[in-house]
Peer 1: 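Below is a structure I'd like to ask you about.
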Amino acid sequence: MRSHGAGTLRADHTDATVTLAGWVSRRRDHGGVAFLDLRDASGTCQVVADPSASAALAAAHEVRPEWVLQIHGTVRRRPEGMENPSLATGEVEVAASSVTVLSPAETPPFPLEGGVEADETLRVRHRYLDLRRETPAHGLRLRAQITSLIRRVMESHGFIDVETPMLTRSTPEGARDFLVPTRAGDGVAYALPQSPQLFKQLLMVAGVERYYQLARCFRDEDLRADRQPEFTQLDVEASFIDEEDLYALFEELFATLWREILDVELATPFPRLSYDEAMRRFGTDKPDTRFGLELVDLAAVFADTEVGVFRGALDAGGVVVAVTLPGGAALTRKQLDDWVDWAKGRRAKGLAWGAVEDGEDGPTLRSPLTKFMSAAEVDALLRATGAGVGDLIFFGAGPATFTRELMGALRVALAQDRGLIGPGSPAEGRWDFLWVTDWPLFEWNPDEARWDPLHHPFTAPREQDLPHLTDDPGAVAARGYDLVLNGTELGGGSIRIHHPGVQQQVFDVLGITPEEAQEKFGFLLRGLAHGAPPHGGIAFGLDRMVMLMAGVASIRDVIAFPKLARGYDPMTDAPARVDDAQLREVGLRRLPPQ
RNA sequence: GGACCUGUGGAGCAGCCUGGAGUGCUCACCUCCCUGUCAAGGAGGAGGUCGCGGGUUCAAAUCCCGUCAGGUCCGCCA
């Protein structure tokens, strides 16, 4: 069928007789001579048809883009000056002796060549065409390279790939489950796994010691640019290890990936930041450290303030936090109002600001709040923030976590707005990996008036905090860790609880009774009682990883067949209505229309 | 569930603010011409429910209300 890949031909193939097969990407027909760019999985090569093979020329006149052809011909060097340096095969061309149409094609519904972005729905509906384009095709190949390397590195450390069930029961990740009713009927259903969490822990009980899997996971939640209802994790669990073993292993894995795929040498070990420090300095548990604009706590500056919103926040146990934007004093009133609106869009009551200007006796603050601030406060503020003339200070005041997260989001939005990150920015080419460590085990849920696990209920508490499980759950630190890259959470995990007793203590804090625990996770608890090794693990979002390495903005670009809003797939038209007979078989009945 | 943005021949856009004939651009498509192009070029041509519904108006792509679809974000989700 084919002797060579179109993209593999080089000057050393000169005079070789070749048979190519592939798609027409472009046709340039001059009447007496016609050029076809023939594309296959290996790349593209120019085919020339001229009157010396009149049947081939006649066929070349007829073909259209995306037709599938087989070409017989001879490789020859292009005439002097006709080389195309932008094509890998640009030194040569194939002189066609015959052109055979294997398959004609309809005109594509959107252009496949050139960088024009077609409508998302159209691209996904005709995904088999979209994947012929360079960017998505590259995404798929890059993904395969990454998974191949992952397997190589994991296996070199003795990890074995074990499959876990797709049809299982609800796992405690907290997201909505996809349910799979079955003809067992009577209101029972499987759930698709949100992650293989419990299975991998049981594999540790089983003595596997080193498990990994490129595991498909399912969560029935709303989509985002970096979130799909089904996604793939590099899922890992190991016995007789601690945090340091994991850090070293994955620093090696990522250094290998970046070296072999991107030709980038990562600095290891990766920096570490405690959760607490991340929240204080960056207002997020996944800090982007490629730029400054760090948060500054102003509690000391405004300890005795008469600024109402600051006073109120501090008296209520909250915080006052600043972000300084260098050169921001030049922002117009309209731009400032836009930032205030941006904050209100995130449920903030407001966003105060102050511009540092040149006064008669040194820098002064131009701000709606100035008249409530003493000269000493302004002075202390400028020292605390390091703001100088021409800079702008944004203030957030309110409950600690909410305010820090707001200002952290502001910090990132400002960086995007000012071109500190993104294409063409100084941050381009930077890969800021960091571990976030020392997470709290629990987080207070004020709506439900209870403690929730910050990670999941199987995360081990730090040994020395065990006594606090009963007297001060909020003070218990978890043996958890997240890996963050350029402000994106790549993955997270923890050392797990391997004592049934500790596990029940944690359930007690979470308000899970022994009966409930038995019902939901009895199989895990029974496992832990049969000689569980100390173990821990981690899971990484493969799609996000590939997305960042490919330099694309959406994980849809690195998934072969992605879904759109509300999990809709316009290609297969899924999810689709199920007929009544099928429903009856699985013991379900349609609700009457509302 | 909410906010914002988008919806105009097959594709990408402009037109909308300030209402007046489906008006324009680039690409694709069809026919013809053309022997060195690589985003080939030239001549001609076809192709429209301006997302949908309602309202205002002498008149709506344009203004108003509703609705649907997509995107981004918030909520949600590690």
Side-chain angles (χ1 to χ4, degrees), chain A residues 25-38 44-52 57 61 64-66 78-87 89-90 93 95 106-126 129 172-177 194-195 197 217-229 231 233 285-286 338 341-348 405-406 409 412-413 416 436 439 443 447 452-456 459 480-484 488-494 538-541 544 553-554 556 564-566 568 570:
Chain A
S25 86
R26 280 208 163 87
R27 181 181 64 123
R28 291 175 296 280
D29 191 344
H30 292 230
V33 62
F35 302 94
L36 302 175
D37 290 339
L38 195 75
T44 300
C45 184
Q46 174 165 282
V47 173
V48 190
D50 64 34
S52 67
L57 182 58
H61 288 321
R64 292 293 180 267
E66 303 309 319
R78 294 192 183 195
E80 190 75 26
M82 300 297 166
E83 299 88 354
N84 183 352
S86 58
L87 209 58
T89 58
E93 61 192 9
E106 289 178 16
T107 302
F110 54 90
L112 302 189
E113 299 295 324
V116 188
E117 278 304 297
D119 176 73
E120 193 78 22
T121 310
L122 214 50
R123 288 179 55 196
V124 175
R125 188 189 310 280
H126 302 278
L129 292 179
E173 242 70 24
R176 278 184 277 266
D177 285 313
Q194 295 180 26
S195 80
Q197 180 62 36
C217 306
F218 305 87
R219 290 173 192 174
D220 192 6
E221 296 291 348
D222 287 344
L223 281 62
R224 285 285 189 283
D226 60 356
R227 242 159 56 190
Q228 285 270 306
F231 58 98
Q233 283 187 344
D285 55 17
K286 39 179 192 282
D338 284 347
D341 288 341
W342 173 92
K344 286 179 177 166
R346 292 180 174 246
R347 300 177 305 142
E405 287 177 350
L406 174 78
V412 173
Q416 278 162 351
V436 177
W439 294 68
E443 151 181 73
D447 297 332
D452 282 344
L454 201 64
H455 186 50
H456 58 53
T459 301
Y481 32 79
D482 269 16
L483 183 63
V484 175
T488 297
E489 181 201 322
L490 274 187
S494 59
I538 193 163
F540 295 96
R544 282 182 195 177
S554 167
R556 285 190 298 268
L564 300 180
R566 279 180 283 285
Y568 176 61

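Bear in mind that the values here come from a model prediction, so they are computed numbers and not experimental data. Chain A is the first sequence line, chain B the second, and so forth, proteins listed ahead of strands; every chain is numbered from 1.
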Peer 1: Applying the Watson-Crick and G-U wobble criteria at under 3.5 Å, what pairs with rC13(B)? Answer none if nothing qualifies.
Peer 2: rG24(B)
Peer 1: Can you find a heavy atom in the side chain of Gln228(A) that is under 4.5 Å from one in the side chain of Leu223(A)?
Peer 2: yes
Peer 1: May I have the distance from Leu129(A) (atom CG) to rA11(B) (atom P), rounded to whole angstrom?
Peer 2: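 After rounding, the reported distance stands at 14 Å.
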Peer 1: By the definition salt bridge (Lys or Arg N to Asp or Glu O under 4.0 Å), identify the one residue from Lys286(A), Arg544(A), Arg556(A) that meets it with Asp226(A).
Peer 2: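 The single option meeting the salt bridge (Lys or Arg N to Asp or Glu O under 4.0 Å) with Asp226(A) is Arg544(A).
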Peer 1: Which one is paired to rU31(B), where only Watson-Crick or G-U wobble pairs with both distances under 3.5 angstrom count?
Peer 2: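 Check on rU31(B): paired to rA43(B), both distances under 3.5 Å.
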Peer 1: Determine which nucleotide pairs with rU18(B), using a 3.5 Å limit on both distances of a Watson-Crick or G-U wobble pair.
Peer 2: none
Peer 1: What are the two closest heavy atoms between Asp482(A) and Gly492(A), and how far apart are they?
Peer 2: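 That would be OD1-CA, 3.2 Å.
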Peer 1: Can you check the Leu36(A) CG to rG36(B) C1' distance for me, whole Å?
Peer 2: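 Taking CG of Leu36(A) and C1' of rG36(B), I get 14 Å after rounding.
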Peer 1: Going by heavy atoms in the side chains, are Gln46(A) and Thr89(A) under 4.5 Å from each other?
Peer 2: no
Peer 1: Tabulate protein N/O versus nucleotide N/O from nucleotides 39-43 of chain B, keeping only pairs under 3.5 Å, one per line.
Peer 2:
{"from": "rA40(B)", "atom 1": "OP2", "to": "Arg26(A)", "atom 2": "NE", "distance (Å)": "3.3"}
{"from": "rA40(B)", "atom 1": "OP2", "to": "Arg28(A)", "atom 2": "NH1", "distance (Å)": "3.3"}
{"from": "rA40(B)", "atom 1": "N6", "to": "Asp29(A)", "atom 2": "O", "distance (Å)": "2.8"}

Peer 1: In the 5'-to-3' direction, what one-character label does each nucleotide of nucleotides 70-76 of chain B receive under the scheme B = base within less than 4.0 Å of a protein heavy atom, S = sugar-phosphate only, - = no such atom?
Peer 2: SSSSBBB
Peer 1: Looking at Asp37(A) and Arg28(A), is any side-chain nitrogen of the basic one under 4.0 Å from a carboxylate oxygen of the acidic one?
Peer 2: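 Looking at Asp37(A) together with Arg28(A), the answer is yes, because their closest N to O distance falls below 4.0 Å.
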Peer 1: When you measure from the side chain of Met82(A), which nucleotide among rU37(B), rA28(B), rC77(B) comes out closest?
Peer 2: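 Ranking rU37(B), rA28(B), rC77(B) by closest atom to the Met82(A) side chain puts rU37(B) first.
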Peer 1: From CG of Leu483(A) over to P of rA78(B), roughly how many Å is that when rounded to an integer?
Peer 2: 19 Å
Peer 1: Taking atom P in both rA40(B) and rC30(B), compute the distance separating them and give it to the nearest angstrom.
Peer 2: 15 Å
Peer 1: Quick check against the 3.5 Å criterion: does Glu221(A) have a side-chain atom that pairs as donor or acceptor with the backbone of Arg176(A)?
Peer 2: yes
Peer 1: Using a cut-off of under 3.5 Å, enumerate the N/O to N/O pairs linking the protein to nucleotides 7-10 of chain B.
Peer 2:
{"from": "rG10(B)", "atom 1": "O2'", "to": "Pro109(A)", "atom 2": "O", "distance (Å)": "3.0"}

Peer 1: Round to the nearest Å and state the distance from Asp341(A) atom CG to rC5(B) atom P.
Peer 2: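 Taking CG of Asp341(A) and P of rC5(B), I get 12 Å after rounding.
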Peer 1: Taking the same atom, P, in rA59(B) and in rG19(B), what whole-Å distance lies between them?
Peer 2: 15 Å
Peer 1: When the C1' atoms of rU8(B) and rC25(B) are compared, how many Å lie between them, rounded to an integer?
Peer 2: 13 Å
Peer 1: Could you tell me how far rA39(B) sits from rC27(B) if I compare only their P atoms? Round to whole Å.
Peer 2: 13 Å
Peer 1: At their closest point, which heavy atom of Val47(A) faces which heavy atom of Leu38(A), and how far apart are they?
Peer 2: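 Smallest interatomic distance, heavy atoms only, reads CG2-CB, 4.1 Å.
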Peer 1: Report the C-alpha separation of Leu564(A) and Glu120(A) in whole Å, then their side-chain angles, then the decisive distance to 0.1 Å, and conclude whether the side-chain contact (heavy atoms from CB on, under 4.5 Å) test is met.
Peer 2: CA-CA 8 Å; Leu564(A) 300 180; Glu120(A) 193 78 22; 3.8 Å; yes
Peer 1: Touch check for Glu93(A), heavy atoms < 4.0 angstrom, all strands: base, sugar-phosphate only, or nothing?
Peer 2: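 Base contact.
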Peer 1: Partner lookup for rA69(B), please. Criteria are Watson-Crick or G-U wobble with both distances under 3.5 angstrom; report none if nothing qualifies.
Peer 2: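 Across any shown strand, rA69(B) pairs with rU6(B).
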Peer 1: Which value, in whole Å, describes the distance between the P atoms of nucleotides rG12(B) and rG51(B)?
Peer 2: 14 Å
Peer 1: Does any non-hydrogen side-chain atom of His126(A) lie less than 4.5 Å from one of Pro108(A)?
Peer 2: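 Answer no - side chains too far apart.
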Peer 1: Tell me: CZ of Phe231(A) to C1' of rC77(B), nearest whole Å?
Peer 2: 9 Å
Peer 1: Got a sec? Which of residues 44-51 of chain A come in under 4.0 Å of RNA chain B, heavy atoms?
Peer 2: Gln46(A), Pro51(A)
Peer 1: What is the distance, to the nearest angstrom, from the CD atom on Gln194(A) to the C1' atom on rC77(B)?
Peer 2: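 Atom-to-atom, Gln194(A) to rC77(B), this comes out as 9 Å.
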Peer 1: Atom pairs under 3.5 Å, N or O on each side, protein against nucleotides 46-48 of chain B: can you list them with distances?
Peer 2:
none

Peer 1: In this structure, how many angstroms lie between the P atom of rA78(B) and the CZ atom of Arg544(A), rounded?
Peer 2: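 Roughly 11 Å, once rounded to whole Å.
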Peer 1: I want to check something: taking the side chain as every heavy atom from C-beta on, are Glu66(A) and Leu112(A) in contact at a cut-off of under 4.5 Å?
Peer 2: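 Heavy-atom side-chain distance check passes, below 4.5 Å.
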Peer 1: Among all residues two or more places apart in sequence or in another chain, which pass the ring-ring contact (aromatic ring centres under 6.0 Å, His included) test with Phe540(A)?
Peer 2: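 Phe540(A) satisfies ring-ring contact (aromatic ring centres under 6.0 Å, His included) with Phe250(A), Phe254(A) once adjacent residues are dropped.
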Peer 1: Return the 5'-most residue of the pair Glu83(A), Asp285(A) with respect to RNA chain B, ranking by each residue's nearest nucleotide.
Peer 2: Glu83(A)
Peer 1: Classify the nucleic acid contact of Arg64(A) as base, sugar-phosphate or nothing, counting any heavy atom under 4.0 Å across all strands shown.
Peer 2: sugar-phosphate
Peer 1: When the C1' atoms of rA69(B) and rU26(B) are considered, how many whole Å apart are they?
Peer 2: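 Here rA69(B) and rU26(B) have their C1' atoms 26 Å from each other.
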Peer 1: Going by purine N1 to pyrimidine N3 plus the second Watson-Crick contact, or the G-U wobble pair, all under 3.5 Å, which nucleotide sits opposite rC50(B)?
Peer 2: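 WC or wobble partner does not exist here.
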Peer 1: Could you check how far CG of Leu57(A) sits from C1' of rC34(B), rounded to whole Å?
Peer 2: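 The answer, rounded to whole Å, is 12 Å.
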Peer 1: What distance, rounded to whole Å, do you find between the two P atoms, one in rG71(B) and one in rU35(B)?
Peer 2: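 After rounding to an integer number of Å, I get 48 Å for this pair.
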Peer 1: For rG9(B) and rG45(B), measure between their P atoms and round to the nearest Å.
Peer 2: 22 Å
